[in-house]
Asker: 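Questions regarding the structure given below will be posed in turn.
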Amino acid sequence: MDLTLSDEQKLIRQAVERFIRNDYSFDARKKIIGAEPGYSTAHWQTFAELGWLGVPLPEAHGGFGGALADLLQVVEPFGAGMVVEPYLPSVILAGTAIAEGGSEAQQAELLPAIADGTLIAALAHGERQSRFNPHDVQTSARREGDAYLLDGQKTVVPGAPWAQKFIVSARTAGERFDAEGIGLFVVDADAAGLQVDSYRTADGARAGNVTLQQVRVPASAALGDPAAGLTALTAALDLGLAAACGEALGAMQAVYQRTLDYVKTRKQFDVPIGSFQVIQHRLVDMFTAVESSRSMLTMLAVRFADPQERARALTATKVHLGQNARYVAQQAVQLHGGIGMTEELDIGHYFRRLTLFCLAFGSTDEQLETYAAEHI
Amino acid sequence: MDLTLSDEQKLIRQAVERFIRNDYSFDARKKIIGAEPGYSTAHWQTFAELGWLGVPLPEAHGGFGGALADLLQVVEPFGAGMVVEPYLPSVILAGTAIAEGGSEAQQAELLPAIADGTLIAALAHGERQSRFNPHDVQTSARREGDAYLLDGQKTVVPGAPWAQKFIVSARTAGERFDAEGIGLFVVDADAAGLQVDSYRTADGARAGNVTLQQVRVPASAALGDPAAGLTALTAALDLGLAAACGEALGAMQAVYQRTLDYVKTRKQFDVPIGSFQVIQHRLVDMFTAVESSRSMLTMLAVRFADPQERARALTATKVHLGQNARYVAQQAVQLHGGIGMTEELDIGHYFRRLTLFCLAFGSTDEQLETYAAEHI
Amino acid sequence: MNVDFSPAELEFQQQVRQWFADNLPADLKRKNELGKMPSRDELVAWQRKLNEQGWLAPGWPEEHGGPGWTATQRYIFDLERARAGAPIGLSMGIVMLGPVLMAFGTPEQKQTYLPRILSCDDWWCQGYSEPGSGSDLASLKTSAVPDGDSYVVNGSKIWTTYAHYANRMFCLVRTSNEGKKQAGISFLLIDMDTPGLEVRPIISIDGEHHLNEVFFTDVRVPKANLVGQEGQGWTIAKYLLTHERTTIAGVADSKVNLGILKAMAAENQSNGKPMLEDPRIRRRIAQVEIDLLALEWTNLRTLAATAAGKAPGPESSNLKLAGTAVQQAITELMVEIAGPWAWPWQTGDYVGPPELAHAVERYNFARAATIYGGSDEVQKNVLAKMMLGLK
Amino acid sequence: MNVDFSPAELEFQQQVRQWFADNLPADLKRKNELGKMPSRDELVAWQRKLNEQGWLAPGWPEEHGGPGWTATQRYIFDLERARAGAPIGLSMGIVMLGPVLMAFGTPEQKQTYLPRILSCDDWWCQGYSEPGSGSDLASLKTSAVPDGDSYVVNGSKIWTTYAHYANRMFCLVRTSNEGKKQAGISFLLIDMDTPGLEVRPIISIDGEHHLNEVFFTDVRVPKANLVGQEGQGWTIAKYLLTHERTTIAGVADSKVNLGILKAMAAENQSNGKPMLEDPRIRRRIAQVEIDLLALEWTNLRTLAATAAGKAPGPESSNLKLAGTAVQQAITELMVEIAGPWAWPWQTGDYVGPPELAHAVERYNFARAATIYGGSDEVQKNVLAKMMLGLK
């Protein structure tokens, strides 16, 4: 039994951690998100040069072919730094959808560009009514000769303002909730009839609603079978959730550590508040929450590749990290007191990011329900 | 707005409290439950003489005609004393079933005897498979001429070993879960074909399983309509639950107070453990749990008589008291440490009694589910 | 036992309900539903309307322009205010300073300031907390040094709610470093436009500007602005803390917000069905509703004790603890309902369903409830000491 | 990363599994399923069988008659032991005294006692706690005064598990009142049949006799029974506390008990359906199962660190905290499933479904898990100090 990192994993982790430490301080990040376009193209270029954008992508197409355990070495420090660059939207979500659903030609065209940072793509699958259910697709793709006409609205698409291409889920057949009949289509951001309404998101990044009105794409824009896109979509969402858990662990560790440091120095009634027993026990509970989350993610990294185990392991991980992230984030604010409630300090930003994590890909509580229904 | 007790309520409460203080110490109780028959016939006589056995029963039949607010003045101190005498089984459950379901003649025959303590009755409605659902009746009552033949088994009947008469729910028509077709029958404990298997219960009292094999009762043994007994049964269970909540509040208050006293005197590391902040906050949470439960019971006392409000108010009360009773009982044991784990001290007995309360008439969690389904 | 309101109280309730129905502006109501703060002008206009009716300061006696209501009437008024969808309003002058001046102020101070609170000509903010003082309020350092007819104030205050709207501040300052730290504190009234006083905004994690830092550099304050005696500041502050507050639990507003939560769940779908039909959501709403019901009756019990003449004690700590827990639980459920619509940040009403778009802001802001006004931890310390006798 | 067991380990696992299948008596298995303690004779017979196989003391090195297993093998063994339905057994001699004697005992002490532990000719109990000492172990008062070749012991011990089964006790006694209270403590071996020693039963709230008080009145103990030096008792006790324990989290048994819980839910109905089909029950089981999965992997991480040569630290506090929480949650759910069948008390198997009839006993007994062996509160104090550096 060996749960230590490989040398390769250690190297990449150290590199990402070094980047966060040196180039992605809270103040540096604040400048990035306060200006346009809302992420750093320079950093993105760095990520590409250091090979990080290729970690989960296939070796045949410019990637590293990494397993989840490799990917976690990138996303955990990213979570600790609250990185806003579109790693999850472009590399993980769109990248996986293409790698899992696309033909060799499509992969060869798109993946190297994602890996070298020249292409930012985004996965547009959510809709006004769908919440986190990828089956609930009302956007339609109607075949017309050699083309498809796409109609509908995709909502809350992370990275949308920056995307040059969207991977859009749309129904080619069947009824609203059917698993069959969903296709994934590669659509240029500047396609006629496509409009992006962009906004900031609570975690400091950006997203948008993508409206498609009679958007015409060639039939070749379908990633694989235009009626069987759900497999690739699910694979993308699975890896997306796993990576989000990794980011959350990084953020939890960071916010726990800051809280621990704070209670050691912050004085009230002439003593550090860390000398109060209720504060001490609270910190112990936070520590336990972080370490237990790390254990669960270790489990996930081991089991993720096993198709028999993946869904169960992933659901359990989301439940556990969601519950612990909520606790750690809330207590971090509580123990920081007033200063934890301000925009000025990083604590509140971790809080917002972890709040969204608790919802991402299905809320903690929804995932618990899923586990109860399907996995006990 | 006036939430204070009436003079009459104060008098009865003081009398019950005085009885518990003077005659129902933990040691005195231990003697009672350790010997046969497992309750004190002398105390039972006292209860009768002081009028307590008549509190919830109709004035026309030897009772006091009291409202829930009156009954609470009896059962709260009873809960604090962990009284094992069959007040709930005989007076509240069987008494209410008779008062709500019986004819004038049946009431006139049975209720004065319950009120003066000469008759102990027990409500036998649960079955092996029914849990707390009074609709789930498999015991049958088959009409044969002027009689009914009862067959089936009634399980976990509180007070069964002491009962001279049972009020038995049995199906005269319909299928297992039907609300219609359930009758209530008055059956003598010494009826041929009736067997009681008695046992002690975790809360120090006694109960039994009642097996009925071809037990013949006259048709006049049916309380009211033999196909519509559920109304009276429900009324009995409603008042039973309300009274159980009152007992639980009394027990919670007592166990909280003992824990508070204990942490002030028990020393560890040369100081009273009540000087540790985590212990202090735990006591505050226990205090809040008790006071909040008292508030809920105040609400119930006000709303119980309103048929539109009763079910909702009762369910909410059970949920709230159940959640708080669990917390208070667990923490009382935890804060007492080893000594709280022993038979010798009263703490563990309160713990067991409150554990059963959490289950009584449908568990806390089941009641929350009911509230969610029917009352929001 | 009797919790029914008397016929006179019921009539009063009807009167209040009708007045709100007739007078509350629709846009103010809408902002309140979304958990958004009205603008200064909106609030002043609304509070002046309340004052015309004589209802702006429910807790004030008639001699000072209040309605002279009983505790029960104040409870009813707050119930109806919330039910109507009206904001609580900014209450520093009304709830905090008013009672202080009535108890400790000179005749001149009362005459000058009380009417201006009611007319909304003065907007008061509270200068208690300082950087570093937190829950240990008595450790405050802002100094007021006598110099002729004035005090010269130096130091800074923090977490000053709506200081950027206020023209006056009442604050605690240190006039002596001798003896116990509580003994050297005085209660001072300061004009916000005094030279040397500077207000800097603090943005909260809901993205809004509620709070400020206030800096004093040689700010000269007339000695006539001292309330009570020099060194009496701590006594005055404590007087306010134990001052009866029938509405600290926030029951009325939580009931309204629970209704909003249910509406959100009814109007939004999951898997093609209204979320309010989902047993999972119903169970969580049920839990909050039951907790709120218990809280309501704890509040009623306290009110009944007050009505029966019992002096209010540390029960307000208990009510605040339970009340804020319910408030936070409601906002947390709003975020759960929002789901993907929790992402858009401060997009106002133009992206997604507006209630959902504001859910995260409300959840974030509600975190303050267990920090300000004495954190949960401090409240429990108080209860352990005062009610349980644990030292 | 690799959590697979090696081929040799997998073969070991198979061997252990097969041995348990061949050797575990059915009635012992059944008692264990019901959470009941076997009798002394049953346990001795079973432990002797294990010892014949060389597996009674998994943590002992080969030179003292142990199997000399790695931490991973011990983990696997415990996994299979639990899966087979075998009880943990009484481990005071094996887990506690054995390692102490190996580290601190004289050659004579090792030679005398270690073989008798393995042969089950000696049954040891532990005399640490005293009335009043609780979690503040160092405050113990039982005195051992030198007198010729003996110590004369006076005082009493409490919470002595299975003292009524034991023929020997290792205990902490006070040999000096000088200096720090920890410094005057010594580690002494006492025969239970020594004159002046009396054992009185304590009945626990599960209705069973697990615990005892032990009274010493002028009990003469040969000085040869001192382990280590006079005054070294505290060091020895602490050595045991930080002694690596791969199984303190109780993962293996909790997995088995979770399986029993599911079977209980599958076999019992509510509203005519197996309770295991009720989403409410499923959700609660899911919560425990997920918590247990996380615990299992925390345990594996600790094990991997041990295997990689890292000295075990205060992680055992963490594992105990989380492990006992899961144990209590499982028994609490058993009570929920039991419903009305929670009422019958100690009726054995003759009333109602036996698993359900024992549910309350198990729940009651499980409360001890967060009290004994360092309460939750003490564990958190330890973690705050040792891991987080909070003082």
Side-chain angles (χ1 to χ4, degrees), chain B residues 1-6 9 67-70 72 256 260 263-264 271-289 291-303 312-313 315-321 323-324 365 367-376, chain C residues 1-6 9 70-72 75-76 258 261-262 265 276 278-308 310 315 317-319 321-322 325 376-377 379-385 387-391:
Chain B
M1 189 160 33
D2 176 16
L3 295 178
T4 54
L5 299 183
S6 70
Q9 289 168 341
L68 177 57
D70 303 304
L72 291 177
Y256 156 73
L260 179 61
V263 304
K264 286 180 182 175
V271 293
I273 62 173
S275 64
F276 292 108
Q277 197 188 21
V278 288
I279 307 290
Q280 296 191 344
H281 285 203
R282 205 83 58 84
L283 262 299
V284 168
D285 290 339
M286 291 172 75
F287 167 78
T288 305
E291 284 306 308
S292 185
S293 298
R294 192 184 310 286
S295 301
M296 204 63 150
L297 210 53
T298 306
M299 181 282 298
L300 183 65
V302 170
R303 294 196 181 159
R312 184 167 183 271
T315 309
T317 303
K318 174 63 200 280
V319 171
H320 197 66
L321 267 79
Q323 292 175 340
N324 286 317
D365 205 35
Q367 298 272 12
L368 177 60
E369 205 76 7
T370 301
Y371 189 96
E374 298 173 12
H375 300 300
I376 70 167
Chain C
M1 254 188 275
N2 173 22
V3 289
D4 295 335
F5 295 131
S6 69
E9 284 164 347
T70 64
T72 305
Y75 183 83
I76 291 172
L258 186 63
L261 172 65
K262 287 183 187 175
L276 193 58
D278 184 346
R280 176 180 76 82
I281 296 293
R282 293 183 76 85
R283 189 174 53 248
R284 293 188 64 184
I285 291 177
Q287 181 69 60
V288 178
E289 187 165 295
I290 292 169
D291 289 343
L292 177 55
L293 182 62
L295 175 65
E296 181 182 9
W297 282 80
T298 299
N299 203 350
L300 285 169
R301 282 175 58 214
T302 310
L303 193 61
T306 307
K310 285 186 193 143
E315 290 92 346
S317 286
N318 196 2
L319 287 170
L321 280 168
D376 265 16
E377 291 79 11
Q379 303 286 358
K380 288 188 183 178
N381 287 347
V382 168
L383 282 169
K385 197 170 166 187
M387 300 205 78
L388 313 184
L390 294 169
K391 271 167 223 149

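Side chains included, hydrogens not; waters and symmetry mates left out as well; all remaining heavy atoms used. Numbers restart at 1 for each chain; the letters A, B, ... are given by sequence-line order, proteins then strands.
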Asker: For B:K264 and C:G389, indicate whether the former's side chain and the latter's backbone hold a donor-acceptor pair under 3.5 Å.
Answerer: no
Asker: Which heavy atom of B:I376 sits nearest a heavy atom of C:I285, and at what distance?
Answerer: CD1-CG2, 4.0 Å
Asker: State, to 0.1 Å, how close C:A286 and B:L368 come at their nearest heavy-atom pair, and which atoms those are.
Answerer: CB-CD1, 3.9 Å
Asker: Side-chain contact test, heavy atoms from C-beta onward, threshold under 4.5 Å: evaluate it for B:R294 versus C:R301 and give yes or no.
Answerer: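 Yes, close enough: below the 4.5 Å cut-off.
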Asker: Determine whether a donor-acceptor pair (N or O, by modelled atom type, separation under 3.5 Å) exists between the side chain of C:R282 and the backbone of B:H375.
Answerer: no
Asker: I need the minimum non-hydrogen distance between B:H320 and C:A294, along with the two atoms involved.
Answerer: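 What the structure gives for the nearest pair is NE2-CB, 3.2 Å.
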Asker: Between B:R282 and chain C, with a heavy-atom cut-off of 4.5 Å, which part of the residue counts as in contact: side chain, backbone, both or neither?
Answerer: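 For B:R282, no heavy atom lies under 4.5 Å from chain C.
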Asker: Given that the side chain runs from C-beta out, which part of B:Y256 has a heavy atom under 4.5 Å from chain C: side chain, backbone, both or neither?
Answerer: side chain
Asker: Regarding B:Q277 and C:E377, do their side chains bring together a donor and an acceptor under 3.5 Å, going by distance alone?
Answerer: no
Asker: Report yes or no: does B:Q280 contribute a side-chain atom to a donor-acceptor pair with the main-chain N or O of C:N381 at less than 3.5 Å?
Answerer: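 The answer is no, because no donor-acceptor pair under 3.5 Å joins these two groups.
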Asker: Before giving the answer on side-chain hydrogen bond (donor to acceptor under 3.5 Å, both in side chains), spell out for C:E289 and B:Y371 the whole-Å C-alpha distance, their side-chain angles and the decisive distance to 0.1 Å.
Answerer: CA-CA 10 Å; C:E289 187 165 295; B:Y371 189 96; 2.6 Å; yes
Asker: Applying side-chain contact (heavy atoms from CB on, under 4.5 Å) to B:L260 and C:L390, what does each step give before you reach the verdict?
Answerer: CA-CA 9 Å; B:L260 179 61; C:L390 294 169; 4.1 Å; yes
Asker: Please look at C:K262 and chain B and tell me whether the side chain, the backbone, both or neither of the residue comes under 4.5 angstrom of a heavy atom of that chain.
Answerer: side chain
Asker: What part of C:L258 gets closer than 4.5 Å to chain B, counting heavy atoms only: side chain, backbone, both or neither?
Answerer: neither
Asker: Which atom names give the shortest non-hydrogen contact between B:S292 and C:T298, and what distance separates them?
Answerer: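 Here B:S292 and C:T298 meet closest at CA-OG1, 4.0 Å.
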Asker: Out of C:L383, C:I281, C:L388, C:D291, which one racks up the most heavy-atom pairs below 4.5 Å with chain B?
Answerer: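 Top option by heavy-atom pairs under 4.5 Å: C:L388.
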Asker: Considering all heavy atoms of both residues, which atom of C:I290 and which atom of B:A316 are nearest to each other, and what is their separation?
Answerer: CG2-O, 3.6 Å
Asker: Over all heavy atoms of both residues, which pair between C:W297 and B:S295 is shortest? Give the atoms and the distance, please.
Answerer: CB-O, 3.5 Å
Asker: Can you say whether C:Q287 sits under 4.5 Å from chain B via the side chain, the backbone, both, or neither, judging by heavy atoms?
Answerer: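 Both backbone and side chain.
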